[in-house]
Protein chains: 2
Amino acid sequence: MFKVSRKSEYALIAVQYLAATYGGNVVSVTDLAGQCHVPVDVLAKVLQGLKRAGIVRAVKGAGGGYGLARPLAEIRFLDVVHPFEDTLAVVTCQMPNTECERSDNCSLRDPMALLNAYIIRQFEALTMDMFVAPHQWLASATRTGTMVETMSLGRRMRMPA
Amino acid sequence: MFKVSRKSEYALIAVQYLAATYGGNVVSVTDLAGQCHVPVDVLAKVLQGLKRAGIVRAVKGAGGGYGLARPLAEIRFLDVVHPFEDTLAVVTCQMPNTECERSDNCSLRDPMALLNAYIIRQFEALTMDMFVAPHQWLASATRTGTMVETMSLGRRMRMPA
DNA sequence: GGATATAGGACCAATTTGGTCCGATAAGCA
DNA sequence: TGCTTATCGGACCAAATTGGTCCTATATCC
Ligand code: SF4
Ligand code: SF4
């Protein structure tokens with residue numbers, strides 16, 4: 001497949017729609033599901049995942065709901081996707097607690113590890129503000145013709161513990 | 001999942017083991033399967049796929065088998081994996097003939113396209129010689145500490161039509 | 001003509017995924 | 001206190017995908 005799971009997509013969408021709620025009021029799952037056309041029950045699970053990952057905060061009880069826990073620029077693409085991907089390993093031997101019987105005599109393995117690290121690095125460099133409000137940097141990226149390279153820059157940022 | 005399919009892994013392994021056979025004699029599926037510990041029937045299918053992609057050549061009849069169609073340096077990582085991945089799109093809207101009902105009003109979409117192109121670009125830049133005989137460049141990559149960046153360089157090469 | 005080996009489709013079993021449901025907990029409010 | 005709202009989190013089910021098997025052509029060599 002080499003595609004991110006559907007829950008991950010929903011998570012990205014959720015963050016997009018929650019963009020306005022940082023520091024402000026929270027929005028209930030039912031409302032959010034209505035806005036972004038995602039099945040409520042699934043979105044509920046997704047938001048629970050994001051909550052556990054510390055990306056959104058949850059307020060229980062009447063008038064409660066979910067809101068972003070920190071500004072978009074401090075939420076990495078990787079963080080949003082990670083809770084819903086059991087593995088981000090390109091090949092099996094890169095998965096935790098997994099050995100393939102060829103591991104000893106396999107020249108592919110080390111380069112694979114690099115490639116894997118590379119993709120993860122990329123996912124870390126991208127922050128959600130690039131996805132939610134991409135218009136500024138996207139324009140310049142397209143203009144230069146080196147769209148891809150520009151994307152890879154992913155400006156440095158500090159992450160909370 | 002965000003992992004390459006098992007058939008793709010087998011394809012990579014097959015290329016690794018066929019590395020010696022460019023221009024030389026071919027090897028039968030049964031023999032190859034014995035060497036690299038892959039179920040014969042599956043490997044057969046995988047090699048058929050690689051054949052169709054023009055990566056290996058096939059010789060039918062007695063004494064026949066498979067061999068590489070061109071040198072390792074002219075086989076891109078993408079080419080090996082492509083026949084077995086129905087999609088290399090990170091999100092659904094990047095798949096061919098697929099529209100998501102949010103496409104019109106989705107700020108994620110364009111950045112996603114960039115990310116997607118970026119990964120594919122990467123898969124194109126990597127050639128199989130980097131995986132089969134990685135010792136030279138891997139050493140220097142590790143030494144500099146910027147393993148990832150080095151990986152991304154992926155030297156330029158000319159591809160047959 | 002017989003042996004060998006690829007070509008390719010049909011088919012099945014196991015896993016993974018996407019999605020549903022229901023009870024428990026916690027907070028607000030009258 | 002009791003009612004309502006809304007998150008929490010597990011159990012569960014159905015569909016899709018994947019990994020793997022098998023069986024019948026077809027081509028080539030001896
Ligand atoms: S060790 Fe080699 S054959 Fe085994 S999973 Fe890793 S890359 Fe593939
Ligand atoms: S259009 Fe937006 S919501 Fe739809 S698949 Fe693409 S990125 Fe996801």
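Side-chain atoms are counted along with the backbone in the values below, which use heavy atoms only and exclude waters and symmetry mates. In what follows, every chain begins at residue 1, and chains take the letters A, B, ... in the order their sequences are listed.
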*A:Met1 reachable from A:Val81 in the ILVMFWY side-chain graph, under 4.5 Å edges*: no
_Count I, L, V, M, F, W, Y as connected when their side-chain heavy atoms are under 4.5 Å apart, and connections chain through other members. Are A:Met95 and A:Leu108 then in the same cluster?_
no
*For A:Asp41, all residues meeting side-chain contact (heavy atoms from CB on, under 4.5 Å), sequence neighbours excluded*: none
*asked:* Looking at A:Glu85 and B:Lys3, is there a salt bridge between them, counting it only when a charged N and a carboxylate O are closer than 4.0 Å?
replied: no
*Report the distance from atom CD1 of A:Ile120 to atom CG of A:Leu115, rounding to the nearest 0.5 Å.*
10.0 Å
*asked:* Looking at every non-hydrogen atom in both residues, tell me the closest pair between A:Leu68 and A:Tyr22 and how far apart they are.
replied: O-CD1, 3.7 Å
*Mind running a 4.0 Å heavy-atom check of residues 83-96 of chain A against DNA chain D and sending the residues that fall below it, in number order?*
none
*Taking only residues two or more places apart in sequence or in another chain, which ones pass ring pair (Phe, Tyr, Trp, His ring centres under 6.0 Å) with A:Phe2?*
B:Phe2, B:Phe123
*asked:* Give the residues of residues 39-66 of chain B touching DNA chain C, defined as any heavy atom closer than 4.0 Å, sorted by residue number.
replied: B:Lys45, B:Gln48, B:Lys51, B:Arg52, B:Ala58, B:Val59, B:Lys60, B:Gly61, B:Ala62, B:Gly63, B:Gly64, B:Gly65, B:Tyr66
*asked:* Nearest 0.5 Å, please: how far is CD1 in B:Ile75 from CG in B:Leu12?
replied: 10.5 Å
*Looking at B:Gly64 and B:Val26, what are the two nearest heavy atoms and their distance?*
C-CG2, 3.5 Å
_Using a strict heavy-atom distance below 4.0 Å, which residues from residues 25-35 of chain B are in contact with DNA chain C?_
B:Ser28, B:Val29
*From NE2 (A:His82) to CD (A:Glu124), nearest 0.5 Å*: 9.5 Å
*B:Ser28 OG to B:Leu47 CG distance, which is reported to the nearest 0.5 Å*: 10.0 Å
_Where chain B begins and ends its contact with DNA chain D, read 5' to 3' at 4.0 Å from heavy atoms_ = D:dT18 to D:dC29
*asked:* Within this structure, what is the CG-CG distance for the pair A:Leu50 and A:Leu18, rounded to the nearest 0.5 Å?
replied: 8.5 Å
